[in-house]
S.K.: 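Sharing a structure with you now.
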Amino acid sequence: MKVVIVGGVAGGATAAARIRRLDEQAEIVVFERSGFVSYANCGLPYYIGDVITEREALSLQTPESFFSRFRVSMKVRHEVTAIHPERKIVSVKNLETGEAFEERYDKLLLAPGAKPTQPRLPGTGIDRLFTLRTVEDTFRIKEHINKHHSKSAVLAGGGFISLELAENLRELGLEVTIVQRPKQLMNPFDADMAAFIHSEMRKHGVQLALGHTVEGFSEKDGGVDVLLKDGPSLHGDIVILAIGVTPDTALAKDAGLELGIKGSIVVNDRMETSVPDIYAVGDAVQVKHYVTGEDAVISLAGPANKQGRIAADNICGGNSRYQGTQGSSVVKVFDMTAAATGINETNAEKAGLDADTVVLSPMSHAGYYPGGKLMTMKVVFEKETYRLLGAQIVGYEGVDKRIDVLAAAIRGGMKATELKDLELAYAPPYSSAKDPVNMAGFMVENISRGTVKQWHLEDAATLPYDGSVTLLDTRTAGEYASGHIKGFRNIPVDELRERLDEIETGKPVYVICQSGLRSYIACRILEGNGYEAYNFSGGFRFYDAVMNDRGLIESATACGMDRQME
């Protein structure tokens, strides 16, 4: 059996190694357009920022090492230019010599990945405008910064690559601005959770120009002006386009393979395309979202590697199945960690799901052990069934641990109420006896039993201030004085029982505290005394962070730049 693989990075390299482990006699040829195979895409920004200092560290394997161990022929700087399914042949061009030739296959695996989305805008071809996809792109950006002593950069787009580049460019001392049309960074997060990411970026001097449409680029003063449709232009010594990625599927389209959303390659759960003996994996393929069951394109390294393994199994006569992608991800944002899995509240609503959420702010480990840090968790679940749909966490220590537990819970089909039953490792330096994941489960269980009723951030703007409801802040007098929601009166929770006569009966009571815990206790006191009480999900800390962020974004939209750091 002869297997030809197009693309030698995540999915392609994984498949090649797996095929060899399953079939010692197979002939395996991999064609990779760039000069590197099995390289760490996710590590590229960290080379630019000098966190990774050795070029060799970016490649997990070389063509020579791959051949030595697996007897796989890795042909770098070779581009497959056409697929001829009827003849089971691919056309190939050697990019070093210009030689063109044909290669026969019995099985063909496409792992071309995705390419940076290139907007059709004036000026996209100028020299100081970069994209980041390959190791060569990384070297070009790094060498340009070193040669020209770049002092500033504008990043167009607010996803993973943009955030990682922003951090690494700041570490090099560059002034950094992020501009994009949406009014939040990081689409996997709801806007309220993204507020904490925005705050961390601003804290480290990154300017945010959110809610602005880029309409072109022009060379000016040895750099690049980023022209905005609705504001003054932004100037950078360099500009990097990071507005997303597009499946690289021109080959598949020309060969007549069925394409799906965003031009992705349609595959079944065996990673088979619409054409016999042709498989496809990675960022170029359409998958099923594990939570919603809807078609999706999700560009992540973990799924690409799993798909490569599954395709290899089936190429070798097995029957492995891909169960779908749930979008588990984590990103370093300076000192902060942000992670998500499943779907957020916004996408749950778009999918037509009747969703609810709990928001909590637990410590990373036991409060009495020094060094604990707050994290903010948002868990999304389906009303009525309490099916766990997704989670987002932003914080410092322990974020990755909790998101992985929640990701496994989703994969296992657990209900949000069942999070309370998980037995998780505990010692004071690492967690609390009631782990944050357990706490989320306790909160959802309280909702399911009617023990607590919630009100949410989006309800704040519509609360009546006509006296028909009671608005109650149960923090200390000092906390209340340092900032509160207009219209809320202050009765600290520890004084509530003695001051119940100050709260009119027969009216709903909307309660808030700093994190949601004291207000929950207050709600139980009120309910036990005949009141109808609603607890604010997230607490004033959450409310204040989100509202401050919204104010900064709106003011920045008006002037074209987030000037908080000036």
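Numbering of residues begins at 1 and proceeds along the displayed sequence.
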S.K.: Do the ring centers of Phe334 and His204 come within less than 6.0 Å of each other?
M.R.: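 Yes: the rings meet the under 6.0 Å criterion.
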S.K.: Consider only side-chain N and O atoms of Thr341 and Ser328, and report whether a donor and an acceptor are under 3.5 Å apart.
M.R.: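 A pair is found: one side chain offers a donor N or O, the other an acceptor, under 3.5 Å apart.
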S.K.: Are Ser482 and Glu479 linked by a side-chain donor-acceptor pair shorter than 3.5 Å?
M.R.: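 No - no donor-acceptor pair under 3.5 Å links their side chains.
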S.K.: Ion pair present between Lys142 and Asp50, side-chain N to carboxylate O less than 4.0 angstrom?
M.R.: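 Asp50 and Lys142: salt-bridged.
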S.K.: State, without any angle test, whether Asp190 and Gln392 hold a side-chain donor-acceptor pair at a distance under 3.5 Å.
M.R.: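 Per modelled atom types, Asp190 and Gln392 side chains form a pair under 3.5 Å.
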S.K.: Go through the side-chain N and O atoms of Asn446 and Tyr520 and say whether any donor and acceptor fall under 3.5 Å apart.
M.R.: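 A pair is found: one side chain offers a donor N or O, the other an acceptor, under 3.5 Å apart.
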S.K.: Does one side chain, of Arg541 or Ser361, offer a donor that lies under 3.5 Å from an acceptor on the other?
M.R.: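 Looking only at side-chain atoms, Ser361 and Arg541 do form a donor-acceptor pair, the distance falling under 3.5 Å.
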S.K.: Check this for me, if you would: do Arg489 and Asp473 make a salt bridge, where the nitrogen-to-carboxylate-oxygen distance has to be below 4.0 angstrom?
M.R.: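 A salt bridge is absent here (no side-chain N lies under 4.0 Å from a carboxylate O).
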S.K.: To the nearest 0.5 angstrom, please state how far the CE atom of Met271 sits from the CD1 atom of Ile310.
M.R.: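 The CE atom of Met271 sits 7.0 Å away from the CD1 atom of Ile310.
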S.K.: For Arg550, is there an ion pair with Glu554 - N to carboxylate O distance below 4.0 angstrom?
M.R.: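 So Glu554 does not pair with Arg550 through a salt bridge.
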S.K.: Less than 6.0 angstrom separating the ring centers of Phe189 and Phe196, yes or no?
M.R.: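 Phe189 vs Phe196: aromatic centres not under 6.0 Å.
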S.K.: Verify whether the ring centers belonging to His484 and Phe488 lie closer than 6.0 Å.
M.R.: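 No, too far apart.
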S.K.: Identify every side-chain donor-acceptor pair in residues 409-417 under 3.5 Å, counting partners at least two apart or on other chains, and give the distances.
M.R.:
residue : atom : partner : partner atom : Å
Arg411  : NE   : Gln326  : OE1          : 3.1
Arg411  : NH2  : Gly324  : O            : 3.2
Arg411  : NH2  : Gln326  : OE1          : 3.2

S.K.: Parallel, tilted or perpendicular for Phe139 and Phe36, by the 30°/60° rule?
M.R.: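 Judged by the thresholds at 30° and 60°, the geometry between Phe139 and Phe36 is perpendicular.
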S.K.: Would you call Lys507-Glu504 a salt bridge at under 4.0 Å N-O?
M.R.: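 Glu504 and Lys507: salt-bridged.
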S.K.: Testing the 3.5 Å rule here: is there a donor-acceptor pair between the side chains of His456 and Asp356?
M.R.: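 Side chains of His456 and Asp356: pair found under 3.5 Å.
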S.K.: What distance do Leu353 atom CG and Glu345 atom CD have between them, rounded to the nearest 0.5 Å?
M.R.: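 Going from the CG atom of Leu353 to the CD atom of Glu345 covers 11.5 Å.
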S.K.: Using a strict cut-off of less than 4.0 Å between a Lys/Arg side-chain nitrogen and an Asp/Glu carboxylate oxygen, indicate whether Asp549 and Arg202 qualify as a salt bridge.
M.R.: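 Result for this pair is yes, salt bridge flagged.
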S.K.: Do Lys420 and Phe442 form a cation-pi contact, if we require the NZ or CZ to be under 6.0 Å from the six-membered ring centre and within 45 degrees of the ring's axis?
M.R.: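 No, Lys420 and Phe442 do not form such a contact.
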S.K.: On the six-membered ring of Phe381, is Arg387 placed so that its NZ or CZ lies under 6.0 angstrom from the centre and within 45° of the ring axis?
M.R.: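 Not satisfied by the 6.0 Å and 45° rule.
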S.K.: Is the shortest side-chain N to carboxylate O distance from Lys288 to Asp269 below 4.0 Å?
M.R.: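 Judged by the 4.0 Å cut-off on N to carboxylate O distance, Lys288 and Asp269 do not form a salt bridge.
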